[in-house]
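Beneath this line is the structure, given in structure tokens, with notes to follow.
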Number of protein chains: 2
Amino acid sequence: MASSIHDLARHLNISIGTVSRALNGRADVNADTRQRVLDAAKELNYSPNQSGRSLRQGATHSIAFMLQPHPGDQQYGEPFFIPFLIGLQGRLAESGLDLTVVMGAPGDYQQERLRRVVETRRADAVLLAWTRREDERIDYLTEVGFPFATLGRSRTGGKAYPSLDLDFEKAGADAVDRLVARGHRRIAAIRPSLNLNFGYLFLDGYRKALKRHGIEVDPALIADGFINEAGGYQVTPRVMLAKNKPTAIIFNNDAMALGGCKALAEMGIRPGQDIAVTVIVDTPLCRYFSPALTAFRPALEPMGRRLAEMLLASLPAFAGPEGPRIIREVWPLELIARDSD
Amino acid sequence: MASSIHDLARHLNISIGTVSRALNGRADVNADTRQRVLDAAKELNYSPNQSGRSLRQGATHSIAFMLQPHPGDQQYGEPFFIPFLIGLQGRLAESGLDLTVVMGAPGDYQQERLRRVVETRRADAVLLAWTRREDERIDYLTEVGFPFATLGRSRTGGKAYPSLDLDFEKAGADAVDRLVARGHRRIAAIRPSLNLNFGYLFLDGYRKALKRHGIEVDPALIADGFINEAGGYQVTPRVMLAKNKPTAIIFNNDAMALGGCKALAEMGIRPGQDIAVTVIVDTPLCRYFSPALTAFRPALEPMGRRLAEMLLASLPAFAGPEGPRIIREVWPLELIARDSD
DNA sequence: CGTTTTTCCGTAAACGTTTACGAGAACACA
DNA sequence: TGTGTTCTCGTAAACGTTTACGGAAAAACG
């Protein structure tokens with residue numbers, strides 16, 4: 001069943017070294033013998049043992065994605081990541097790499113899990129998501145010199161690593177622009193607490209756009225909440241109690257928006273009629289909610305592909321002839337106008 | 001950085017054999033030296049190289065989950081699997097196993113990918129989902145004797161492997177019972193084409209329940225469609241054109257239900273008012289759709305845990321003292337009554 | 001004190017690869 | 001013929017573990 005390189009060698013009456021070289025396409029092997037080796041490999045159904053390769057080469061040929069479900073609605077998780085993972089895996093597979101999804105318990109900070117992956121050398125590189133403003137995972141990985149890339153940026157300073165992020169700043173500004181154009185002047189912003197970086201970017205865009213329109217930023221219209229439905233439910237009433245009630249709310253997260261709409265409904269306020277609601281990262285939920293939520297949509301699958309590519313470009317073993325490069329990109333979010341604003 | 005067992009041995013002036021035995025908790029090592037080894041391991045930040053262990057032991061200490069996104073709505077994928085994966089990974093981690101998610105391209109039958117995983121010995125066992133009525137993956141794995149378990153059953157006969165499935169038959173029957181109790185007699189059933197096994201189970205339950213109520217099964221009220229939104233959209237009008245129009249529809253899939261509701265809306269038929277709609281596998285979309293869809297909900301995270309446990313119980317290396325056991329379970333779906341019926 | 005048992009540890013092989021090194025054969029060239 | 005070059009391949013070490021085996025020292029026992 002498990003045929004090894006020795007079996008091939010014995011079968012062909014040549015040395016294992018030659019077999020290996022033939023299989024790996026090295027130059028110093030006769031075209032004839034190479035063909036014979038290849039044929040025999042097919043015949044004996046040979047495929048290399050990964051553990052053996054890994055041990056010898058010091059590379060595992062796999063990339064770890066640290067998937068971190070958020071605390072909260074346990075029943076269903078992050079639909080966000082599936083198409084992203086599809087793109088990711090597709091590109092990695094093209095380079096012969098596996099994708100290992102390391103899933104932490106919800107709410108765990110995954111620092112420990114990350115250590116384990118790195119120290120047991122289970123992956124050649126890791127991919128981080130949900131980057132925080134100051135991110136200790138990034139500190140750790142740069143300190144120990146382990147290759148990685150991130151979905152999302154971080155302020156964690158001066159370090160060179162590939163990252164792909166969405167332009168939350170522009171989305172925040174765009175959302176404001178649109179609402180202002182529709183006559184709104186009192187626009188609330190609700191974003192996740194913790195120090196997830198995209199919450200800051202979003203708020204920056206929001207603030208700048210307001211100023212650009214000559215609208216004063218009212219702190220009473222800005223609130224942080226736990227990044228799930230309960231968080232949105234809990235925090236939304238707070239901005240509705242501002243002295244100057246908002247006529248529009250921008251949610252920085254779909255789950256929070258759903259919780260917020262629930263709170264609004266209980267207050268007798270109808271999104272799309274009594275108040276305008278915009279959400280920054282679109283998910284299928286936004287589309288099917290009633291009213292359908294106007295939202296900003298990322299191109300998830302292409303992002304997965306691209307981030308894989310950027311990671312590969314940063315790895316000496318996979319970089320092109322010009323050597324490894326650190327690429328950082330910020331991708332736009334596309335406005336999907338629906339019925340809630 | 002990467003301290004090996006040799007480093008420990010040199011540091012303590014003992015042999016690597018003793019170090020290994022101490023680390024692995026074998027009996028034949030002095031309590032003193034064991035403690036010294038453990039201390040040194042902590043001090044030198046040692047953790048074993050997985051490739052080395054794998055090679056020697058012939059085990060990778062990781063389980064592969066073959067995640068197969070369905071063709072169709074690429075924008076967002078299977079929210080279904082995330083909580084399932086959380087439970088899975090949680091249990092596997094407790095036994096020192098990693099979870100490798102092997103993601104195929106949508107629509108690809110993953111037979112090839114499966115071969116690769118098996119032949120390169122990248123995992124000690126695999127987990128299959130979306131089981132089909134006749135499933136060639138199961139044939140292949142049993143033939144080569146590779147350990148596996150499935151989420152879902154299959155008719156593929158006579159083989160012994162752990163499986164955990166949902167009771168689609170009962171859910172189908174329950175759905176009918178409920179609708180009949182509410183006065184419906186003409187109940188349509190829409191399920192996925194392909195030969196996904198749960199579609200058959202569902203239909204069995206549906207048929208049996210109808211007969212039990214003395215209602216004749218009308219073939220014009222049963223339709224197959226592609227298992228995504230477009231499929232539901234396309235196929236739903238067909239049952240609505242039956243001579244005896246249905247007053248209720250049971251969808252066997254959430255995405256198809258959403259597409260179906262879209263089609264209904266375009267025909268001026270309002271779910272929850274003009275027609276009753278029930279969906280068999282609940283997702284967050286059902287909850288947020290308007291009207292909120294009555295649906296049958298699985299306990300995804302516990303299912304993940306349990307399937308991991310069942311898989312482990314079937315593996316000699318992890319089974320308890322009574323030896324490996326093949327466990328098969330069928331879990332109930334919980335009815336979540338909402339507004340659509 | 002002699003013999004047997006137990007405790008503990010070192011030695012070395014093995015897992016399946018890749019690769020540096022060197023050597024033989026064939027060939028080219030003067 | 002002698003010398004140098006090019007092709008091709010075999011040898012053997014190495015990656016980091018685990019583990020079967022045997023042996024020395026200590027303990028137990030008569």
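In what follows, every chain begins at residue 1, and chains take the letters A, B, ... in the order their sequences are listed. What you are looking at is a predicted structure, and each value in this text was computed from that prediction instead of being measured.
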At 4.0 Å (heavy atoms only), tell me whether [X] reaches a base, stays on the sugar-phosphate, or touches nothing.
{"X": "B/S4", "value": "sugar-phosphate"}
{"X": "A/I16", "value": "base"}
{"X": "A/T33", "value": "sugar-phosphate"}
{"X": "B/R21", "value": "base"}

Counting just side-chain N and O atoms, does [X] come under 4.0 Å of either OP1 or OP2 of [N]?
{"X": "A/S15", "N": "D/dG10", "value": "yes"}
{"X": "B/N49", "N": "D/dC15", "value": "no"}
{"X": "A/N30", "N": "D/dC7", "value": "no"}
{"X": "B/S20", "N": "D/dT18", "value": "yes"}

Tell me whether [X] is salt-bridged to [Y], with the criterion being a basic N under 4.0 Å from an acidic carboxylate O.
{"X": "B/R34", "Y": "B/D28", "result": "no"}
{"X": "A/R153", "Y": "A/D135", "result": "no"}
{"X": "A/R305", "Y": "A/E94", "result": "yes"}
{"X": "A/D39", "Y": "A/R36", "result": "no"}

May I have the distance from [X] (atom [atom1]) to [N] (atom [atom2]), rounded to whole angstrom?
{"X": "B/R26", "N": "D/dT19", "atom1": "CZ", "atom2": "P", "result": "5 Å"}
{"X": "A/H6", "N": "D/dA12", "atom1": "NE2", "atom2": "P", "result": "13 Å"}
{"X": "A/I14", "N": "D/dC7", "atom1": "CD1", "atom2": "P", "result": "20 Å"}
{"X": "A/Q57", "N": "D/dA13", "atom1": "CD", "atom2": "P", "result": "21 Å"}
{"X": "B/E119", "N": "C/dG16", "atom1": "CD", "atom2": "C1'", "result": "16 Å"}
{"X": "A/R56", "N": "D/dA13", "atom1": "CZ", "atom2": "C1'", "result": "8 Å"}
{"X": "A/D28", "N": "C/dA20", "atom1": "CG", "atom2": "P", "result": "10 Å"}
{"X": "B/D32", "N": "D/dA26", "atom1": "CG", "atom2": "C1'", "result": "15 Å"}

Assign each of B/L55 and B/G17 the nucleotide of DNA chain C bearing its closest heavy atom; nearer the 5' end lies the nucleotide of B/G17
Cation-pi check, A/R133 to A/F198: give yes when NZ or CZ is under 6.0 Å from the six-membered ring centre and within 45° of the ring axis, no otherwise. no
Any N or O donor-acceptor pair linking the side chain of B/R53 to the base of D/dT17 at under 3.5 Å? no
With distance as the sole criterion, do the side chain of A/R121 and the base of D/dG16 form a donor-acceptor contact below 3.5 Å? no
From C/dT18, C/dC9, D/dG10, pick the nucleotide closest to the side chain of A/T18? D/dG10
